[in-house]
Amino acid sequence: MLEKRYEPKDIEKKWYDFWIEKNYFKAEEESEKPPYCIVIPPPNVTGSLHIGHALDITLQDIMIRWKRMSGFNTLWLPGTDHAGIATQNVVEKELQKQGTDRHVLGREKFIEKVWEWKRLYGGTIINQLKNMGASCDWSRERFTLDEGLSRAVKEVFVRLYEEGLIYRGEYLINWCPRCHTALSDLEVEHEDQQGKLYYIKYSFADGDGYITVATTRPETYLGDTAVAVNPEDERYKDLIGKKIRLPMINREIPIIADEFVDASFGTGAVKVTPAHDHNDFEMGRRHNLQFINILTGDGRMSDEAGPYKGQDRFECRKNILKDMEAIGHLEKVADHKLAIGHCYRCKTIVEPYLSKQWFVKIKPLADEAIKAVKEERITIIPSGWENSYYDWMENIRDWCISRQIWWGHRIPVWYCKDCAEIIVSRETPSACKCGSKELLQDEDVLDTWFSSALWPFSTLGWPDNTGDLKTFYPTSVLITGFDILFFWVARMIMMGLKFREQEPFRHVYIHALIRDAEGQKMSKSKGNVVDPLKMTELYGTDAFRFTLAAYAAQGRDIKFSEHRVEGYRHFLNKIWNVARFISMNVQEGEELTLAIKVKNLSLADRWILSRLSAVCLDVNKLLDEYRFNDAAGSLYQFIWHELCDWYIEMIKPELYGDNLESKSAAVSTLVHVFEVSLALLHPFMPFITEEIWQQLPCKKDAESLCIRQYPTRDEGIEDNGAEEKIAIVMDAVTAIRNIRGELNLSPSLELQALIKASNNIENVLNENMAYIQKLARARNVEIGKDIQQPKSAAAAVKPSMEIFVPLEGLFDIDAEIARLTKEKGKIEEEIQFVQKKLSNENFISKAPPAVVEENKTKYNEYMDKLKTLQDNIEKLNQWRMSDD
RNA sequence: GGGCGGAUAGCUCAGUUGGGAGAGCACAGCCCUUACAAGGCUGGGGUCACAGGUUCGAGCCCUGUUCCGCCUACCA
């Protein structure tokens, strides 16, 4: 006998261990079965599970478990990402606590420290994935700094270099002064802020007069090497070529003309700082201007800053404004909105910074990646993201891949000290071709996303041509949040196409971001983070997973509310109680066969089996379309409202009765439907389903639900006739319940019912009298076409039947008249609406005939109902008069 | 600046080729009916943001407007 309530804790661990022990999650390198593969979006090794992961994991596990049960050779490949900057930051903070830093330690020692840290804490998130029930193949777990993956990284780097798709150059890049490294464009988060626009006077070198420029960053004037105006701007035409003398530092710079300058902005004259602004950089190149770097790597003013040398960049800004004002060069200050770039790891304001970096020439790769989606070799779901994808891909700029940190894949490039030769090599070279052994490896490491871009094939063994690679590449689907569509998904597509000449996955399913109940982005600083571990602790993993699936409607953010988890825990409890109910109705030791003995089945049995088939069809179809919420909803609706509310109630008389044959038919149908339901549910809630399934008193064709065949539609048990008949029974039952509810009659009160119905309806009702008696708690149900409306009876009108509930002493004739009148009012509105349509000639002539016909039928039905209601009311009125 | 999405019941949201709007939760009433009170039955509740347009017919398609959110961008 099962416990009264479902207690998830022990059960979850028990079954997870069992699955692992049985190796169910292990994929086959070669197999007769069709392959199905998902590579996990590798979480940061420093990370711990947040709710976004939980959603991601749940959806992937649903797909994987569904496909595994459906007979696929499934591989869900797990792993973690070394997360260069993030991880380095974490370990650096540790060192700081110990009163030291990485420079004291030196590069090698520091990297050792990080590995040590990884060994100690890197398993955290992996364990948390297991807690979520993730059915990954742990024997294939990878890490982006694994030896194999590192080999892949070198291979890709060298080949791209050899093809001229990787180059080194001195450009303006995004620089984080705190992390002390370059960032790619994507790693900069822009945030709109209210800033100031400063108008500053620049005096001419040759005597009187000045030109005013507008700037948001006055401190950069220290690096100005020109002032630019639009060549067509009449105000300044004569000034082109004139020299300006910069205040304080007395540098002479020219006024130049450039098309780029927007005459309508600010004063129409712009200061040009080629080493500190992207536009100015371009202008600097066009006009051969001097590039003066006024900053150091940690965001202070460099030697070039003269008197301001050593000051912090923001302190310097204040000082310069003060000084400008003192000499009367600050003309005015205006409010100005602008977007400021912040480091995505530490939120420090980044600087455009001139330095030598490595880049990937991205256009040729992007073109192929665009084509793959255009040609539908890759489908993005929901398709709304395609536009964003194209937009980004079409305007993509070269990718800065070098990072000035230590934790990561060191760039496989060596410089010869003696002849300045650059050696790019898969292996560490021993000597330069000039004979020198004085080789220095590039100090930088690669962007973490460079290695994760290779994930779908590097994890499968590439560059070796492994069995896994042959079997599982291209992978089937990538499931992830839209926040890394560009960071990761797009780059995987580019790299996959480049190095495997095949797209890395067929489908990309992009899921929403989870926000809090107010729609705010969750963040630690806001303190509105929902901890998934707490959810599983409180409600059980299954309830949490089911909630996430039920939330996962396409194309919309999720506003997460704990209430909903609570609601689905109730659903779990409901399922648990079905199991209890079954165990109470099966003899000890009795083992039911799943085979349904067709001829003994009752109407209810045939109906629920028919519905079951429909649900199987539905769930498979919905999962196929990644409609997780609809699939979850369909199961919820079926199990709770059809199986529990109707079917189980319908068969109770059989179960408690003496007819062994019909009892056995009912029990075996119930167990069969429930067994299939558990299988359908298993991908959504693996633990409870396995726990119950293992205990079900029936023969099973697998030793675990994990590997039971996923249920599919069974046309043989579909039965339209049964569904129609049950609909009639339900109509009658609902009508009687209706009367009971609306007249506030106690559920314990047994009612009498008279049902007026003709011919075949009459037969259906008569055959199924027992259901009506049970479900409506009615006794003495009389059915016939000649039933007369009795006095003191409440009435209900349904299509093709009329129901009377005699109430004798309990009857309140006025209340009943009011009730029927309300009903009549509703039906009159309906009639009016349909009538309006039908009297519209255009509707009759232009609408499809089927629609017109449908409306006519409705009209007739409504009119019948109206007439019956009117008759009933009339009679009640007459009786009332005569009673008075 | 460009782009995308959202606005539907008190709340959270479904609504897949346009044919009189649904669910869950919440709320109200009656019930401890032997699986389940984490339950059962019943009920109330919506100008589908606003204004136009197309159509016999619009929550759905088109145009515009207002609010909200997001992505993206080198107007200093």
Side-chain angles (χ1 to χ4, degrees), chain A residues 2 4-6 172 185 190 197 213-217 220 228 260-262 264-273 277-282 336 338-339 352 384-385 387-388 391-392 395 397 482-483 485-486 513 515 517 519-521 550-551 553 555-561 563-564 566-585 625 627 629-630 633 636-637 644-645 648-649 652 656 734 737-749 774-777 829-830 833-834 836-837 840-848 850-852 854-855 858:
Chain A
L2 297 163
K4 188 149 187 193
R5 289 182 179 198
Y6 173 58
L172 265 199
D185 295 340
H190 293 275
L197 189 59
V213 298
T215 179
T216 54
R217 306 188 55 202
T220 60
F260 167 79
V261 181
D262 177 358
S264 66
F265 186 88
T267 60
V270 58
K271 58 194 265 328
V272 184
T273 322
D277 179 278
H278 289 101
N279 295 315
D280 295 2
F281 179 82
E282 298 299 329
H336 181 65
L338 71 167
W385 290 106
N387 279 337
S388 304
D391 188 54
W392 189 68
N395 298 303
R397 301 199 307 174
F482 65 81
D483 48 332
L485 179 61
F486 306 137
L513 206 71
R515 300 168 180 284
Q520 297 281 311
K521 214 165 170 172
Y551 257 126
R556 202 195 262 247
D557 282 352
I558 296 170
K559 285 192 214 166
F560 189 85
S561 156
H563 291 292
R564 210 151 157 194
E566 207 180 332
Y568 287 118
R569 182 182 58 177
H570 297 174
F571 180 44
L572 278 262
N573 197 53
K574 192 79 180 174
I575 293 165
W576 187 252
N577 274 294
V578 176
R580 272 165 48 82
F581 180 74
I582 287 172
S583 70
M584 286 170 177
N585 285 286
E625 294 167 358
R627 302 173 67 91
N629 62 324
D630 290 328
Y636 182 96
Q637 167 70 25
C644 293
D645 288 349
I648 288 181
E649 294 307 318
K652 276 181 180 173
Y656 302 148
T734 307
R737 285 175 172 176
N738 222 308
I739 288 167
R740 188 192 292 278
E742 291 198 353
L743 296 182
N744 258 342
L745 303 170
S746 163
S748 57
L749 182 70
K774 163 74 175 106
L775 299 172
R777 205 168 175 81
E829 273 177 38
E830 312 254 3
F833 195 87
V834 181
K836 203 173 118 198
K837 262 189 177 179
N840 181 344
E841 267 178 48
N842 282 323
F843 176 73
I844 304 289
S845 59
K846 289 184 180 167
V851 174
V852 176
E854 200 182 300
N855 276 276
K858 252 189 215 164

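Chain letters run A, B, ... following the sequence lines, proteins first and then strands; every chain starts at 1. These numbers come from the heavy atoms of this one structure, side chains and all, not from hydrogens, waters or symmetry mates.
- Distance from the side chain of Asp277(A) is smallest to A76(B) among C71(B), A76(B), C25(B).
- Heavy atoms of Asn744(A) sit under 4.0 angstrom from primed sugar atoms or phosphate atoms, though from no base atom.
- Between His570(A) and C36(B), a side-chain N or O to OP1/OP2 separation shorter than 4.0 Å is absent.
- Closest to the side chain of Lys846(A), from the set A35(B), C56(B), U12(B), is C56(B).
- The phosphate of A76(B) has OP1 or OP2 within less than 4.0 Å of a side-chain N or O from His336(A).
- Counting non-hydrogen atoms under 4.0 angstrom, Glu625(A) reaches nothing in the nucleic acid.
- The aromatic rings of His336(A) and Phe265(A) stand perpendicular to each other, their planes meeting at an angle above 60°, with 30° marking the opposite boundary.
- A donor and an acceptor atom sit less than 3.5 Å apart, one in the side chain of Arg627(A) and one in the base of U16(B).
- Of the side-chain N and O atoms in Asn738(A), one or more sit less than 4.0 angstrom from OP1 or OP2 of G43(B).
- Among the atoms of the strands shown, none is found under 4.0 Å from any heavy atom of Ile739(A).
- Each of Lys652(A) and Val261(A) lies near RNA chain B, and the nucleotide nearest Lys652(A) is the one positioned closer to the 5' end.
- When side chains are defined from C-beta on, Lys574(A) does not count as touching Tyr636(A), because their heavy atoms never get closer than 4.5 Å.
- Using Watson-Crick or G-U wobble geometry with both donor-acceptor distances under 3.5 Å, G19(B) finds its partner in C56(B).
- Pair assignment for A7(B): U66(B), on the basis of Watson-Crick or G-U wobble contacts that are both within less than 3.5 Å.
- Across all strands shown, G1(B) forms a Watson-Crick or G-U wobble pair with U72(B), both key distances being under 3.5 Å.
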remark   = Whether each nucleotide of nucleotides 1-8 of chain B has a protein heavy atom under 4.0 Å at its base (B), only at its sugar-phosphate (S) or at neither (-) is summarised, 5' to 3', as -----SS-
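- Asn855(A) contributes atom CG, which lies 4.0 Å from atom CZ of Phe843(A) (distance to the nearest 0.5 angstrom).
- Atom CZ of Arg737(A) and atom C1' of U42(B) are 10 Å apart (whole Å).
- In a base pair of the Watson-Crick type (N1 to N3 plus N6-O4 or O6-N4) or a G-U wobble (N1-O2 and O6-N3), with each distance short of 3.5 Å, G39(B) is matched with C31(B).
- Phosphate proximity of A35(B) to Tyr656(A): present, with a side-chain N or O under 4.0 Å from OP1 or OP2.
- Taking every side-chain heavy atom of Pro848(A) into account, G19(B) is the closest of G19(B), A38(B), A14(B).
- Closest to the His190(A) side chain, of the nucleotides C30(B), A73(B), A76(B), is A73(B).
- Here the nucleotide nearest the side chain of Asp645(A), chosen from G20(B), A35(B), G40(B), is G40(B).
- A 4.5 Å side-chain heavy-atom check between Ser388(A) and Phe486(A) finds at least one atom pair inside the cut-off.
- Nucleic acid contact class of Ala553(A) (heavy atoms, under 4.0 Å, all strands): sugar-phosphate only.
- Distance check on atom P: A49(B) versus G59(B) gives 10 Å, rounded to whole Å.
- Among the heavy atoms of the strands, none lies under 4.0 Å from Phe571(A).
- Taking atom P on both U65(B) and G2(B), the two are 12 Å apart, rounded to the nearest angstrom.
- Comparing C36(B), G43(B), C75(B) by their nearest atom to the side chain of Lys574(A) picks out C36(B).
- Contacts of Gln637(A) with the nucleic acid, taken as non-hydrogen atoms under 4.0 Å apart, are absent.
- Closest to the side chain of Val578(A), from the set A35(B), C75(B), A38(B), is A35(B).
- No contact: Ala550(A) has no heavy atom under 4.0 Å from any strand.
- The side chain to side chain donor-acceptor pair (under 3.5 Å) test applied to Thr273(A) returns Asp224(A), Lys271(A), not counting sequence neighbours.
- Side-chain contact check for Val213(A) versus Val270(A): every heavy-atom pair is 4.5 Å or farther apart.
- Side chains of Arg564(A) and Tyr551(A) form a contact here, defined as non-hydrogen atoms less than 4.5 Å apart.
- Atom name C1', nucleotides C48(B) and C41(B): the rounded distance is 30 Å, in whole Å.
- You'll find the side chain of Asn585(A) reaches within 4.5 Å of the side chain of Tyr656(A), heavy atoms only.
- A straight line from CZ of Phe260(A) to C1' of A76(B) spans 7 Å, rounded to a whole angstrom.
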note = Whether each nucleotide of nucleotides 57-63 of chain B has a protein heavy atom under 4.0 Å at its base (B), only at its sugar-phosphate (S) or at neither (-) is summarised, 5' to 3', as -------
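- Among the atoms of the strands shown, base atoms are found under 4.0 Å from some heavy atom of Val834(A).
- Contact annotation: the side chain of Leu775(A) approaches that of Arg737(A) to within less than 4.5 Å [non-hydrogen atoms, C-beta and beyond].
- Counting only heavy atoms from C-beta on, Asn629(A) has its side chain closest to A14(B) among G20(B), A76(B), A14(B).
- Picking from C56(B), A35(B), C25(B) the nucleotide with the shortest atom distance to the side chain of Asn842(A) gives C56(B).
- What separates NE2 of His563(A) from P of C13(B) is a distance of 14 Å, to the nearest Å.
- Rounded to whole Å, the separation between the C1' atoms of G15(B) and A23(B) comes to 10 Å.
- Between the C1' atoms of A38(B) and C32(B), the separation comes to 15 Å (whole Å).
- Distance from the side chain of Thr215(A) is smallest to A76(B) among A76(B), A14(B), C70(B).
- The separation between Glu566(A) atom CD and A38(B) atom C1' is 8 Å, rounded to whole Å.
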